[in-house]
Participant: 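One structure follows; several queries about it will come next.
We count ligands from 1, going down the list as the structure has it; atoms in each ligand are counted the same way. One is the number of the first residue; the rest follow in order along the sequence.
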Amino acid sequence: MGSTFLILGGSVIALLLAGYWAQHYLPPPKPKIVGIDLGTTYSCVGMYQAVTGQVDILETQDKHQCIPSVVAFSVSGVLVGYDAVAQSEHNPRNTVYDAKRFIGKVFDKEELLQAQKQYSFKLEADEYGMIRYVVSVNDTEKHLYPEEIGSILITFLKKAVERNLTAPVTKVVMSVPAEFDQQQRNYTGKAAELSGLEVFRIINEPTAAALAYGLHKHASLQNIMVVDLGGGTLDVSFLNVQGGMFLTQAMAGNNRLGGQDFNQRLQNYLEEMIMKRIGKPLTDKEDLQALRLHVEDLKLNLTQKTEAEISLELHSLHSTFSTIIKRTEFEEINADLFAKILVPIETVLKTIDMGIEDIDEIVLVGGSTRIPRVREIIGDYFKKRPNTAVDPELAVAIGVSIQAGIIGGMWPLTVSAVELPTQVKKIHVH
Ligand SMILES: *[C@@H]1O[C@H](CO)[C@@H](O)[C@H](O)[C@H]1NC(C)=O
Ligand SMILES: *[C@@H]1O[C@H](CO)[C@@H](O)[C@H](O)[C@H]1NC(C)=O
Ligand SMILES: *[C@@H]1O[C@H](CO)[C@@H](O)[C@H](O)[C@H]1NC(C)=O
Ligand SMILES: *[C@@H]1O[C@H](CO)[C@@H](O)[C@H](O)[C@H]1NC(C)=O
């Protein structure tokens, strides 16, 4: 017994010594280049693994890979992501989101007024028309620019990666919507710089999505249509790619179409149902917010199943509301919205003077492209199956991480990806 203990003890000391020596005399771990998708609704961070050739989108909060792009200021401090969302019902004025909508953009008085109507937090414009969020916690007012909110999110992601790697993260590749102008790109970069990161490159989201599908590896010219349907916007881009060179040839989009609109339809539908059942309209703010959270869940469940149950306590009406909603009901109440998805697609095809037969690949991006009916409408239109193998919510983060891997030289040298600058302007449709 005694000698075993001694041997064990000896090896523990040896290990400790090795650790000590490693810490003091080995070079520090190599800093990593990561890819960050700072999204309107969710943000994620990924890293290209040189050894396995895979991209890891890292878990950053609990078991979640992506975090909601939400930051809250509360008496218990600054909360990020799911923690911010969890308390949003009780702290709506100091829970801020949609920083991407405001970043690097100048607003006039009228635009500010219109924007303010949509949010429960306070917005103001500085002397240049740049937006600031006004939050008030612990009896002090804070005025924060969208890039500062972005930076809080990026810092959170950066720290999560550093915990995972036990190595510092110092460099980043970021993605932005293709329509972002120079100033919006610059301020997105600034958000990362505020987090102490060096910005290696900023690439367009549709290009990132195409990278995620490995479309940069085709030698021959490919015509790619990227359809990005997120929480609040629809963006359609047409790209050419050949030998790793990407060129955006046309863009069209609808800034007022996305998952939130589908939720709103479901919300209205359920509110009417509650009104009919209980005989009183639902007006209580907290109950409405609780219903909103359930509606999001219900929508997600209806993507998996052909019917799903919603059940919640309505405190203001002293009752429980529960019902089963069919997927077909959800599709019916959104039919006109779903049909609108084809409008910018048609616009893009017209702009480039091409037909559906000229499109080699269709890439779907954004959580709302998970909705079965949305995939069906797009597939039927092109008479071709869209690419859906990559999780549409991770495609941009994966692509931006591949770009980081290529820049970092972790990729076989024969593979390259370069985005050519484009003068193409996005055409807005409704
Ligand atoms: C790092 O992240 C990867 C991918 O999310 C995960 O598999 C791994 O367990 C994580 N490691 C640590 C130490 O957190
Ligand atoms: C508010 O005050 C508490 C207690 O001093 C502190 O822990 C918290 O971080 C403060 N909140 C913010 C947003 O600064
Ligand atoms: C933004 O623009 C300023 C001024 O042109 C420049 O100094 C800065 O490096 C730019 N930042 C990024 C991240 O592109
Ligand atoms: C969605 O499905 C999950 C898992 O089956 C369930 O726990 C949840 O209550 C459902 N929510 C709604 C609103 O349908």
Participant: Tell me whether Lys142 at atom NZ has more than 12 heavy atoms from other residues, nucleotides or ligands lying less than 6.0 Å away.
Facilitator: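 12 or below, so no.
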Participant: With rounding to the nearest 0.5 Å, note down the distance linking CG in Asp181 to CD in Gln183.
Facilitator: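 It is 6.5 Å, given to the nearest 0.5 Å.
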Participant: Can you tell me if Thr320 and Glu313 form a side-chain donor-acceptor pair at under 3.5 Å?
Facilitator: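 There is such a pair between these side chains.
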Participant: Which of the numbered atoms in ligand 3 are below 4.0 angstrom from a heavy atom of Gly189?
Facilitator: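 In order of numbering, the contacting atoms are 13 (C).
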Participant: Could you verify whether a donor N or O on one side chain and an acceptor N or O on the other, from Asn263 and Gln267, lie under 3.5 Å apart?
Facilitator: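 Distance-only check fails for Asn263 and Gln267.
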Participant: Would you please say whether a donor-acceptor pair under 3.5 Å links the side chains of Thr95 and Ser88?
Facilitator: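 Checked: Thr95/Ser88 side chains show no N/O donor-acceptor pair below 3.5 Å.
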Participant: Where's the contact between Glu193 and ligand 3, heavy-atom distance under 4.0 Å: side chain, backbone, both or neither?
Facilitator: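 Near ligand 3, Glu193 shows its side chain, while the N, CA, C and O stay back.
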Participant: Measure up the Phe262 and Phe338 rings against each other and bin them: parallel (under 30°), tilted (30 to 60°), perpendicular (over 60°).
Facilitator: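 Correct class here is perpendicular.
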Participant: Around ligand 2, what residues show up once you keep those with a heavy atom under 4.0 Å from it?
Facilitator: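 Correct list: Ser74, Val75, Gly77, Val137, Asn138.
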Participant: Please test Val400 against Ile36 for side chain to side chain contact (heavy atoms under 4.5 Å, CB included), starting from the C-alpha separation and ending with a verdict.
Facilitator: CA-CA 7 Å; Val400 83; Ile36 290 184; 5.8 Å; no
